[in-house]
Amino acid sequence: MRILVIGSGGREHALIKGLSGHELFVAPGNAGIAQHATCLPCEVDDPSSVVGVARHIEADLVVIGPEIPLVAGVADALREAGFAVFGPNQEAAALEGSKAFAKEVMAAAGVKTAHAQRITDPDQIAEVLDQFGPQFVVKDDGLAGGKGVVVTTDRAVAEEHARAVIAAGNPVLVESFLDGPEVSLFCLVDGETVVPLLPAQDHKRAYDNDEGPNTGGMGAYAPLPWLPEDGVQRIVDEVVKPVAKEMVSRGIPYSGLLYAGLAWGAEGPAVIEFNARFGDPETQAVLALLETPLADVLNATATGTLAQLPALTWRDGAAVTVVLAAENYPASPRTGDVITGDIVDDVIHAGTKRDGEGNYICAGGRVLNVVGVGKDLAQAREDAYRQIEQINLEGSFYRRDIGQRALDGQITV
Ligand code: AMP
Ligand code: GLY
């Protein structure tokens, strides 16, 4: 198949690796992806630009990586032009693009989630915060790349964030705090057909011990040794299937990947958020364990034949991905420095470019990802950290505790 992947980060590099053996194109891609696929220039949030690239290469399948093109209606335009597309149409992608829409669908489908209140007027902030606490969850109600959320017991910090978001022109959501360890469950969804992938856990805070600001994700592991045996099935039955069914009944069937971000509390799963795409960096760990050819999986979803796909098969063991971040990520990452050391073929590129001499240079906040695989979490961690220690980038940092709490048996449900 001739496959076009849209995007330019670590997730897209992992997708490309999973699709190897096919004729691969990426728009726009990055320096690492260029080793495995033809990179083409493209405005990913412009439907006509993406359709133009898909026509130019006569793609058999287009896989949309990030949320921005989905929310911009790129999947709709591609489908109208006759392409098989992995990724939901604009109205369905609103499950990620509009937190208010996601809450409304969950309420109609009877899915457990946090109680939320929306504020657009700075004079309402104090009054609304009075109804929440002691843990305050304050969110930017727009696409913020995972960086628009502040979770704090400090009311002044909560208030300040709410003011800053409104001052930037966006509504604010204040939410009740959902307790319990987090789960990222990616599900292939084709109308009412739901096929879960392995459960994973992201590490959202910048520094070890979950300290520092929220980021796009600093590392992940899969599967989750602490999740109850029926955990994935419960999430499918209690969350993803009801939502898929609700979308069908509204005449906006979901087609693509639905990412349920959940907290596993005393009563089981509750939804923190939905994303309309694969998660980054969890995808890097999850796909490292998938044995079924990824192209078959994505193509079945894109062509409406997911129900006929044989059960997915997975390699035994565990996978861990660790993100190498640039100095000052997430606030204002330092870019432009040369990356040296042993960037072996297996390393995933998230934000890199090549300079005139062919060196890789840092071009984003999340720069590289290593993926370790092993017979268990301990071995997968060792494999990942052995790789990341070989890479040098001035000022860069990474978390040393990805999967550590799970390994130490400190996560209980
Ligand atoms: P989001 O961008 O909505 O995924 O939020 C980013 C992170 O903030 C999540 O992964 C959680 O760690 C945390 N978070 C968001 N909403 C809540 C909530 N209602 N309760 C507890 N933690 C939350
Ligand atoms: N790993 C978080 C996200 O992709 O949104």
Side-chain angles (χ1 to χ4, degrees), residues 7 9-12 14-15 64-68 70-71 93 95-100 102-103 106 111-118 131-153 157-158 161 165 170 172-186 197 199-206 210-222 257-266 269-287 321-323 325 330 348 350 365-366 369 399 402 405 411:
R11 163 186 48 216
E12 288 74 26
L15 289 167
I64 302 177
E67 62 276 20
I68 288 174
L70 294 167
V71 171
L95 281 176
E96 171 165 6
S98 162
K99 293 192 195 312
K103 291 283 183 200
M106 282 187 272
V111 170
K112 237 183 289 152
T113 185
H115 166 66
Q117 204 147 323
R118 195 158 180 268
Q131 300 160 36
F132 292 85
Q135 284 270 18
F136 297 96
V137 180
V138 180
K139 300 189 177 184
D140 184 335
D141 191 21
L143 290 179
K147 289 164 256 175
V149 181
V150 165
V151 181
T152 179
T153 52
V157 170
H161 184 59
V165 172
N170 290 337
V172 163
L173 279 188
V174 181
E175 284 193 2
S176 57
F177 178 74
L178 296 173
D179 208 8
E182 285 180 37
V183 180
S184 298
L185 186 69
F186 301 164
L197 308 188
Q201 189 178 53
D202 191 6
H203 293 57
K204 291 253 167 71
R205 301 286 189 134
D210 291 331
E211 285 168 19
N214 264 316
T215 69
M218 292 297 293
Y221 64 97
L257 191 119
L258 187 61
Y259 162 154
L262 311 130
W264 194 281
V271 174
I272 292 176
E273 62 162 357
F274 286 119
N275 292 312
R277 41 136 186 113
F278 280 99
D280 192 340
E282 298 97 310
T283 298
Q284 290 82 314
V286 170
L287 293 187
T321 184
V322 183
V323 172
I348 286 180
R366 294 191 289 182
N369 315 146
R399 281 184 60 159
I402 305 302
R405 292 189 61 234
I411 303 181

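Nothing fancy with the numbering, it's 1 onward along the sequence. One-based numbering, in listed order, for ligands and for the atoms of each.
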| task | Enter the distance from R11:CZ to E282:CD here, rounded to the nearest 0.5 Å. | result | 9.5 Å
| ligand 2 atoms in contact with G279 (distance to a heavy atom under 4.0 Å) | 4 (O)
| request: Taking only heavy atoms of D202 into account, list the atoms of ligand 2 that are under 4.0 Å away from them. | output: 1 (N), 2 (C)
| field | F278 contact mode with ligand 2 (heavy-atom cut-off under 4.0 Å) | value | neither
| field | ligand 1-proximal atoms of N214, by part, heavy-atom distance under 4.0 Å | value | side chain
| Within-4.5 Å side-chain heavy-atom neighbours: F132 and Q117 | yes
| field | Per-atom contacts of ligand 1 with S176, taking only distances under 4.0 Å to non-hydrogen atoms | value | 18 (C), 19 (N), 20 (N)
| said: Between D210 and R399, does any NZ, NE, NH1 or NH2 come within less than 4.0 Å of an OD or OE carboxylate oxygen? | reply: yes
| remark: So for K204 against ligand 2, with non-hydrogen atoms under 4.0 Å, the contacting part is side chain
| query | Between T113 and V271, is there a donor-acceptor pair closer than 3.5 Å when you use the side chain of the first and the backbone of the second? | reply | yes
| message | Do N214 and R205 have side chains that approach each other closer than 4.5 Å (heavy atoms only, starting at C-beta)? | response | yes
| task | Could you list which atoms of ligand 2 come closer than 4.0 Å to a heavy atom of N275? | result | 5 (O)
| field | Separation between CD of Q201 and CD1 of I402, rounded to the nearest 0.5 Å | value | 9.5 Å
| task | Report the part of R277 (side chain from C-beta onward, or backbone N, CA, C, O) that has a heavy atom under 4.0 Å from ligand 2; answer both or neither where that applies. | result | side chain
| task | Compute the shortest N/O to N/O distance between E282 and ligand 2 and return yes if it is under 3.5 Å, no if not. | result | yes
| request: Please answer whether the main-chain N or O of K204 pairs with a side-chain N or O of T215 as donor and acceptor at a distance below 3.5 Å. | output: yes
| said: So for G216, does at least one of its heavy atoms come nearer than 4.0 angstrom to any atom of ligand 2? | reply: yes
| query | Out of H203, K204, E182, whose heavy atom is nearest to atom 11 (C) of ligand 1? | reply | E182
| said: Geometry only, no angles: is V149 polar-contacting ligand 1 at N/O separations under 3.5 Å? | reply: no
| query | How does A263 reach ligand 1, by side chain, by backbone, by both or by neither, if only non-hydrogen atoms under 4.0 Å count? | reply | neither
| message | Quick check against the 3.5 Å criterion: does N369 have a side-chain atom that pairs as donor or acceptor with the backbone of G10? | response | no
| query | Would you call E175 and K103 a salt bridge, using N to O less than 4.0 angstrom? | reply | yes
| remark: Value for CZ (F177) from OG1 (T152), rounded to nearest 0.5 Å, stands at 11.0 Å
| query | Relative to ligand 1, is D202 under 4.0 angstrom through side chain, backbone, both or neither, heavy atoms considered? | reply | neither
| request: Can you sort out which atoms of ligand 1 are near A114, meaning under 4.0 Å from one of its heavy atoms? | output: 19 (N)
| task | Report the member of F177, F136, F132, F274 with the shortest heavy-atom distance to atom 21 (C) of ligand 1. | result | F177
